[in-house]
Amino acid sequence: MLAFMLRRVGDRGVAEDLASKVFQIGWEHVDSRLLWTNAWFFGTARTVLAEHHHRAPRLAELHRRPAVEFGRPPATGDDLRALAALDALDSLTEEQREVLLLHYWEGLDSVEVAYALRRSRSAIWLRLYRARRAFRAAYLSRSGSW
């Protein structure tokens, strides 16, 4: 949960606070016979994140900084491919990005993604198909001949 939050907010302290809020909500519902699954936790995490973003605007780009800031050597082919993938991901709609990240990055299957996003499984399959197609087109347009 911490890694999920950290990837979305970029600040470890804030991510720890948000992750603890998710588990606090789970603990508060311990007597409600709630089915605790990964999908439930990710769905709750999305709600906590939405509340956080509603209250506090982002001040800086969170997942990328210029390489010179870190004193890194010039970008290699792998770095350029990764940047093309990040740019392609950034170009997607929030809905497309969310479904791809939950499925591929967080490792949720389509049933769990459907539960987390409060959508039907068939709607998630369609969203995954459209998101994959959009990502592929965006990536190919950015990566050139790779």
Side-chain angles (χ1 to χ4, degrees), residues 1-72 75 78-143 146:
M1 187 57 53
L2 178 59
F4 176 83
M5 293 296 191
L6 187 57
R7 282 191 295 275
R8 281 154 179 79
V9 298
D11 180 280
R12 186 169 184 82
V14 173
E16 288 172 351
D17 291 343
L18 295 174
S20 68
K21 178 70 174 170
V22 172
F23 290 111
Q24 176 188 357
I25 291 168
W27 184 253
E28 289 170 355
H29 291 92
V30 74
D31 293 329
S32 67
R33 296 185 182 182
L34 183 68
L35 181 60
W36 284 352
T37 62
N38 283 343
W40 181 88
F41 279 105
F42 283 110
T44 303
R46 289 182 66 244
T47 302
V48 169
L49 275 169
E51 291 171 0
H52 169 73
H53 290 309
H54 180 71
R55 288 190 314 262
R58 290 184 178 186
L59 299 176
E61 185 175 3
L62 299 177
H63 66 276
R64 197 178 344 192
R65 291 183 176 89
V68 293
E69 180 179 335
F70 297 107
R72 292 180 54 196
D78 288 339
D79 293 334
L80 295 175
R81 281 188 284 278
L83 288 175
L86 287 173
D87 286 341
L89 200 58
D90 284 344
S91 73
L92 301 178
T93 66
E94 181 64 31
E95 180 181 285
Q96 291 169 332
R97 193 171 31 255
E98 188 77 41
V99 74
L100 285 177
L101 290 174
L102 285 172
H103 184 65
Y104 290 105
W105 191 263
E106 302 301 338
L108 299 182
D109 64 26
S110 60
V111 174
E112 293 172 320
V113 173
Y115 186 84
L117 298 179
R118 294 171 177 83
R119 300 284 184 259
S120 70
R121 193 168 59 182
S122 58
I124 294 303
W125 286 338
L126 183 59
R127 286 182 184 197
L128 274 169
Y129 169 75
R130 290 178 178 163
R132 286 182 195 119
R133 189 176 60 191
F135 178 82
R136 178 181 166 86
Y139 179 77
L140 291 175
S141 73
R142 285 160 175 77
S143 64
W146 292 319

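Reckoned from all heavy atoms, side chains included, excluding hydrogens, waters and symmetry mates.
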Evaluate the criterion side chain to side chain contact (heavy atoms under 4.5 Å, CB included) for residue pair L49 and V9; output intermediate values, then yes/no. CA-CA 8 Å; L49 275 169; V9 298; 3.7 Å; yes
Step by step, work out the side chain to side chain contact (heavy atoms under 4.5 Å, CB included) result for R118 and T47. CA-CA 11 Å; R118 294 171 177 83; T47 302; 4.3 Å; yes
Using distance only, find each side-chain donor-acceptor pair of residues 96-104 under 3.5 Å and give its atom names and separation, not counting sequence neighbours.
unit_1 : atom_1 : unit_2 : atom_2 : d
Q96    : OE1    : T93    : N      : 3.1
Q96    : OE1    : T93    : OG1    : 3.4
R97    : NH1    : L89    : O      : 3.0
R97    : NH1    : D90    : O      : 3.3
R97    : NH1    : L92    : O      : 2.9
R97    : NH2    : E94    : OE1    : 2.9
H103   : ND1    : L108   : O      : 2.9
Y104   : OH     : R132   : NE     : 2.6
Y104   : OH     : R132   : NH2    : 3.2

If you count heavy atoms of other groups shown closer than 6.0 angstrom to CZ of R133, is the number above 12? yes
Parallel, tilted or perpendicular: ring planes of F41 versus F23, cut at 30 and 60 degrees: tilted
Taking C-beta and beyond as the side chain, do R127 and R119 meet within less than 4.5 Å on heavy atoms? yes
Regarding E106 and R7, does a basic nitrogen lie under 4.0 Å from an acidic carboxylate oxygen? yes
If I compare all heavy atoms of S91 with all of A88, which pair ends up nearest, and what's the gap? OG-O, 2.7 Å
Counting heavy atoms not belonging to R46, are there more than 12 under 6.0 Å from its CZ? yes
Rounded to the nearest 0.5 Å, the CG atom of L18 sits from the CE atom of M1 at a distance of 11.0 Å
Just so I know, are the side chains of V22 and M5 near enough to count as touching, which here means a heavy-atom distance under 4.5 Å? yes
Taking only residues two or more places apart in sequence, or in another chain, which ones meet E112 in a side-chain hydrogen bond (donor to acceptor under 3.5 Å, both in side chains)? none
